[in-house]
Amino acid sequence: MFAFLGTARKALKRGVILSGALALAACQPLAQVGGAITGGGAGPTIDTSAPVPVALLVPKSSSGAAPVGKSLEDAARLAIADLTSVKIDLRVYDTAGSTEQAAAQAQKAVADGAQIILGPLFADAANAAGVAVAEANVNILSFSNNTSIAGGNVFVLGPTFENSANRIMEFAKRQGKSKVVIAHPNNIEGQFGRNAVQQAAVRHGMEVASVNGFEFSQPGVVAVVPQIKAAMSSTGADTLMLTSNSAGALPLLAQMLPEAGVSPSSVQYTGLGRWDVPAQTRELPGLQNGWFTMPDQAQIQNFEARYTQAYGTAPHQLAGLAYDGIAAIGALVEAGNRKALTAGALTQGAGFQGVGGAFRMRPNGTNERALSVAMVRDKQVVIIDPAPVKFAGPGF
């Protein structure tokens, strides 16, 4: 426990976020694509009886992200092998982790005949690629989770704060909760999380009683603890939302808040991040009986086992996004619709089955994923509201 908290303190002192998915994907966009391109995302008309040219943009030669790129490519090929009546002509292009090269490779892919683009990995690269091919009537299914780049011809496949926030706030309301206090770091990640929770709370009839931002440092966390306690007491809030994850401020907050008197027995702790990894997270006092979201683990474990059997190594945590992209494309093409790769088809309400369960893309370029609500009980993770197996209605 002490080593775990010590590591967190070091991370806070450096002022960096170490979480895998967000550090890779949530970069500042160059110029927001969403809604800026008239007619963007319409998509081509295709011949569903012929192999469908799909471009995969990954950082094959990037010094830091090449292993992620390899895992994404392998997962895409695994998904193609699983298709029974659809032929995918996968063409791989190296972005080298560069925004400029991502844009150039997207243009080359379209010139080579690509009907849809899967990737890139980083948000700024996906944004640039979307701008580069917007006039070519080609959609992009990026691996980013940065919703600020979503829209027009760019869709984000990565798990989003909006998705988790909506699931938690909807569940909290059903459990009789009514007021939430938000605690978030004053950085890009924290701002995204704060905004997502505020919007989700309004959507589901939860009152945002107080918003408490803090500097992403050990002194910043120490200073905000009494503020959060005061906010909980003065507003009568019954729910506390911590937007930080285990690689950020979560360990310190979950240790110090109970010590300051914000007891999990009287306050419902909730979070946007995964509280099951690393395993030490489950031991934190403030997270006992707390709620967080997670995808269907049985399905993910099945994918991981099949990937490991095929390639002799475990997949990167983001690899499933490539599998999901191919699975969605395959399902649409298999239906025989010549407009299978248009925005209208990609955003069909029924969605698709992916690595972690049901998911669907939304007309605004974001995504919705079926998530379970989990609780930390006696330092173990227990699913208290399973993920739906399919979608009903228009969603959030």
Side-chain angles (χ1 to χ4, degrees), residues 24-27 29-46 52-59 69 72-73 75-76 79 88-95 97-158 160 318 321-330 332-333 339-347 352 354 359-367:
L24 287 171
C27 305
L30 295 178
Q32 186 170 327
V33 174
I37 299 169
T38 303
T45 299
I46 64 172
V52 179
V54 176
L56 175 66
L57 271 60
V58 289
L72 287 163
E73 180 180 346
I88 300 293
D89 177 9
L90 189 69
R91 304 167 181 183
V92 184
Y93 297 83
D94 181 17
T95 67
S98 160
T99 299
E100 294 75 14
Q101 187 157 326
Q105 292 287 56
Q107 290 178 321
K108 183 178 188 305
V110 170
D112 291 344
Q115 301 292 289
I116 193 167
I117 293 174
L118 190 56
L121 174 60
F122 300 105
D124 52 359
N127 189 77
V131 172
V133 302
E135 300 303 320
N137 203 32
V138 172
N139 287 308
I140 290 180
L141 307 183
S142 75
F143 301 130
S144 174
N145 64 353
N146 187 334
T147 56
S148 73
I149 68 166
N153 63 332
V154 177
F155 296 85
V156 295
L157 289 176
T160 67
L318 297 180
L321 299 178
Y323 189 102
D324 287 355
I326 293 294
I329 293 168
L332 291 169
V333 174
K339 296 183 180 296
L341 303 184
T342 64
L346 291 167
T347 58
F352 312 94
F359 74 98
R360 60 183 172 185
M361 289 167 274
R362 297 174 54 77
N364 64 1
T366 63
N367 70 76

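These numbers were taken from a predicted model, which means no experiment stands behind them.
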* **Side chain proximity check, K339 to T45, heavy atoms < 4.5 angstrom** => yes
* **Heavy-atom closest pair, residues F359 and A328** => CZ-CB, 4.1 Å
* **Rounded distance (nearest 0.5 Å) linking atom OG1 of T342 with atom CG of N137** => 9.0 Å
* Structure fact -> With V58 as partner, the option from V92, L118, L121, T95 fulfilling side-chain contact (heavy atoms from CB on, under 4.5 Å) is V92
* Structure fact -> The residue among I140, D124, V154 that forms side-chain contact (heavy atoms from CB on, under 4.5 Å) with I149 is V154
* Asked: How far apart are the closest heavy atoms of A106 and A129, and which atoms are they?
  -> CB-CB, 3.8 Å
* Is Q115 reaching over with its side chain to a backbone N or O of G113, donor-acceptor style, under 3.5 angstrom? -> yes
* N153 and V133, any side-chain heavy atoms less than 4.5 Å apart -> yes
* **T347 side chain to A343 backbone, donor-acceptor under 3.5 Å** => yes
* V156 to S144 - nearest heavy-atom pair and separation -> CB-O, 3.2 Å
* Rounded to the nearest 0.5 Å, what separation is found between the CG atom of D94 and the CD atom of E73? -> 10.0 Å
* Asked: What's the verdict on side-chain contact (heavy atoms from CB on, under 4.5 Å) for T147 and N364, showing C-alpha distance, side-chain angles and the deciding distance?
  -> CA-CA 9 Å; T147 56; N364 64 1; over 6 Å; no
* N139 and F155, any side-chain heavy atoms less than 4.5 Å apart -> yes
* For the residue pair I329 and L141, establish whether any side-chain heavy-atom pair is separated by less than 4.5 Å. => yes
* Kindly give the heavy-atom pair with the smallest separation between A123 and N146, and that separation in Å. => CB-CB, 3.7 Å
* Taking the side chain as every heavy atom from C-beta outward, state whether V54 and D89 have any atom pair closer than 4.5 Å. => no
* **T160 side chain reached by N367 side chain, heavy atoms, under 4.5 Å** => yes
* Any L72 side-chain heavy atom under 4.5 Å of F143 side chain -> yes
* OG-CG distance between S148 and N127, expressed to the nearest 0.5 angstrom -> 7.5 Å
* Structure fact -> Heavy-atom closest pair (A340 atom, I46 atom, distance to 0.1 Å) is CB-CD1, 4.1 Å
* **4.5 Å side-chain heavy-atom contact, I116 and L346** => yes
* Taking all non-hydrogen atoms of both residues, which atom of M361 and which atom of L157 are closest, and how far apart? -> SD-CD2, 4.0 Å
* Asked: Rounded to the nearest 0.5 Å, how far apart are NZ of K108 and OH of Y93?
  -> 5.0 Å
